[in-house]
Amino acid sequence: MKNIAFRRKNLDGLLKKTGDIQLQKSLGAFDLILLGVGAIVGTGIFILPGTVAATHAGPAIVFSFIIAAIVCALAGMCYAEFASSVPVTGSAYTYGYIVFGELVAWFVGWALVLEYGLAVAAVSTGWSSYLSSLLEGFHLNIPKAFSGPFNPADGTYMNIPAIAIVLATAFMLTRGISESAKLNKIMVLIKVGIILFFIVVGIFYVKPSNWQPFMPFGIKGILSGSALVFFAFLGFDAVSSAAEEVKNPKRNLPIGIIGSLLICTLLYVVISLILTGMVSYTQLNVSDPVSFALQLVHQDWMAGVISLGAVIGMMTVILVMLYGGTRLLYALGRDGLLPKSMYELNKKYKTPVKNTWLFASLIAFCAGFIPLSKLVELVNMGTLLAFTIVSIGVIFLRKNKSIPSGGFKVPFFPILPICSFLLCLFLISQLSAHTWIACSIWFVLGLFIYFTYGRKHSLMNKE
C-alpha cells in the first residue's frame, strides 16, 4: 500500500515522451520578464490594494506587498531550478511526481486545480465590477441584484457578468485558440500603460493626511495582509514553466523571475501609496478601487479609461488561468488519476472540450455566488501548498543522482529553499479559520477520489 502511494515517475521516461518533440529555444530574459508581468499584473493591482488596505493593513499595505514578494522570489528560485533540471511541462504536479511520488503529486495537482479554478472565479468577480463601472460611464446600469455575490442583505443575488465572462472564455478555449505571444504583448503594454497613467494623474491628488495612521491594524495586520496580497503575485510560476523554450536558462530564468517580480512589486507599492493617499483607506473596501478613487476626485473620464484597461487586462489573466487549469486536468486524466473523459480531445479542434466545460461550469458557479474575499483566501491556500512542496522538493531533487545536474541552481543551498518552505508555512498560518476548513473539505474529497479511483486506474500500475 505504502509503495503504491509513493511510486515515482522516471525522469528518463518523461523526457523520452517529450524528447521527440523539442520546443524551440527562442525566449530571452526580456521576453520572460514580459511574460511574467503579463501573468502577474491583473487582479492584484486592480482589486486587492483597496480591499486589503481597508480591512487588514491600512496604508501599510506597501509592507504587505514587499513581504509577499520576498516569499515569491524565494519560491520562484526553487521553481527555476526544477524547471531547468526537469524541463517537462506540468509545473509543480510533475515535479512532485518525480521527487516525492504519486500521492504527493496528486495532492499538489488537486491544490493547483483549486488555485486555478478559484483564481479565475476571483478575477472574473473583479472584472464584473470594472465592467459595471465602465458601463455606468455610458449611463448603462446592470441591475444590482445581478451584479454581485449571493448576499440578500446587500440586495445582490448572483453575479451575471462574472458567469458570462467565464463561459465565454471557456468557449474560446474549446475552439483551440493558440495563446499568441503577440496578443499577450499588446495586452501587457495596455495594462502597464494604464497603470502608469493612473500613477501620473493620481500623484496630484495625494493628501499625506490620508496616510495617518499608517499602521492602523499594527504588525499583525501587515502580516495577515501579506498572506492575502500574495494573490497579487500569482502567475510568476508561468515563467518557470517556459523553461524548455529559454535560451541560456541558467542566466535568463532567474533574471525573468526576479525581474518580473521586482517590476510588479514596484508598481504595486506605488499604486498602494497613491490609492491610500487619494482616499482614506477606510473607504476603499470596494472591488474597483482604482476607478472608485478617480471618481471621488471627480475625474470620471479617467475612471472610464482605467475601467476599460482593467476589463482588457483581466481578460488575459482569466484566459491564462483557465487554460492552465484545463491542461492540469488533462495531465491528471492522462496519468489515469482522473477519468478518461478529462483526457479526451475533440476530433475537430484538438482541445479537451469535456474537461473545459466541466471546469468552467464549476468556476462560473463560484464566480456567480461567492464573495471575492473568500475566493482570494482559498486560492492562496492552494498556491502556498504547491510552493511549500516545490521549496522542500529542491533539497530532494539535489539528492537524486539520476537527474542531470545542469541548469540553474538555487543560490545559498540549502538555506534559501528551507527559508522559502518556512515562509510559505508562515503565510498559510496567517489565513483565516474558514479557509482552513474549506480547504480541508477540498483535500478530503481529493483523497477520497484518489483512493477510490486514481490509485486503481493510475498508469503507473502498468509499469
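Excluded from the calculations below are hydrogen atoms, water molecules and symmetry mates; all remaining heavy atoms, backbone and side chain alike, are included.
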Would you confirm whether [X], through its side chain, and [Y], through its main-chain N or O, come within 3.5 Å as a donor-acceptor pair?
X      : Y      : value
Thr356 : Pro352 : yes
Thr435 : Leu431 : no
Trp127 : Met314 : no
Asn346 : Lys348 : yes
Ser420 : Leu416 : no
Ser260 : Ile33  : no
Asn355 : Leu329 : no
Tyr130 : Ile47  : no

List the atom pairs, with distances to 0.1 Å, where a side-chain N or O of residues 56-69 and a protein N or O form a donor-acceptor pair under 3.5 Å, not counting sequence neighbours.
unit_1	atom_1	unit_2	atom_2	d
His56	ND1	Ser224	OG	3.2
Ser64	OG	Ile222	O	2.9

Just checking, is any N or O donor in the side chain of [X] or [Y] under 3.5 Å from an acceptor N or O on the other one?
X      : Y      : result
Gln430 : Ser226 : no
Ser128 : Asn159 : yes
Ser307 : Ser133 : yes
Asp335 : Tyr330 : no

Separation between [atom1] of [X] and [atom2] of [Y], rounded to the nearest 0.5 Å:
X      : Y      : atom1 : atom2 : value
Leu375 : Leu118 : CG    : CG    : 6.0 Å
Ile263 : Ile40  : CD1   : CD1   : 9.0 Å
Leu131 : Ile160 : CG    : CD1   : 12.5 Å
Arg327 : Phe359 : CZ    : CZ    : 11.5 Å

Can you name the nearest heavy-atom pair linking [X] to [Y], along with the distance?
X      : Y      : value
Ala386 : Ala92  : CB-CB, 4.4 Å
Asn380 : Leu228 : ND2-O, 3.1 Å
Thr51  : Thr55  : O-OG1, 2.7 Å
Gly304 : Leu134 : O-CD1, 3.5 Å

My understanding is that only residues two or more places apart in sequence, or in another chain, count here; which of them pass ring pair (Phe, Tyr, Trp, His ring centres under 6.0 Å) with Phe230?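 Phe387.
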
Going by ring pair (Phe, Tyr, Trp, His ring centres under 6.0 Å), name the residues that satisfy it together with Phe30, two or more places apart in sequence or in a different chain.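 With sequence neighbours excluded, Phe30 shows a ring pair (Phe, Tyr, Trp, His ring centres under 6.0 Å) to no residue whatsoever.
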
So, do Trp357 and Val353 sit near enough that their side-chain heavy atoms are less than 4.5 Å apart?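 Touching, per the 4.5 Å side-chain cut-off.
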
Are any non-hydrogen side-chain atoms of Thr125 and Ser287 less than 4.5 angstrom apart? no

Taking only residues two or more places apart in sequence, or in another chain, which ones meet Lys374 in a salt bridge (Lys or Arg N to Asp or Glu O under 4.0 Å)?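 Result, salt bridge (Lys or Arg N to Asp or Glu O under 4.0 Å) vs Lys374: none returned.
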
Arg398: partners by salt bridge (Lys or Arg N to Asp or Glu O under 4.0 Å), with sequence neighbours left out: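 If we apply the salt bridge (Lys or Arg N to Asp or Glu O under 4.0 Å) test to Arg398, skipping adjacent residues, the hits are Glu81.
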
Determine whether Ser391 and Thr388 satisfy the following criterion, side-chain hydrogen bond (donor to acceptor under 3.5 Å, both in side chains), listing intermediate values before the conclusion. CA-CA 5 Å; Ser391 302; Thr388 47; over 6 Å; no

Can you tell me if CD1 on Ile203 sees more than 12 non-hydrogen neighbours from other groups inside 6.0 Å? no

Taking only residues at least two apart or on different chains, which pairs with a member in residues 26-40 satisfy salt bridge (charged side-chain N to carboxylate O under 4.0 Å, His left out)? Asp31-Lys185

Parallel, tilted or perpendicular: which one describes the rings of Trp110 and Trp106, with boundaries at 30° and 60°? parallel

Between Phe443 and Phe107, what is the ring plane arrangement, given parallel below 30°, perpendicular above 60°, and tilted in between?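 It falls in the parallel class, under 30°.
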
Test log, rule side-chain contact (heavy atoms from CB on, under 4.5 Å), inputs Leu114 and Leu385: CA-CA 11 Å; Leu114 181 75; Leu385 283 168; over 6 Å; no

Ring of Phe396, cation from Lys399 - is the NZ or CZ under 6.0 Å from the centre and inside 45° of the axis?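 Geometry flag: set, cation within 6.0 Å and 45°.
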
Could you check whether Phe233 and Tyr268 have their ring centres less than 6.0 Å apart? yes

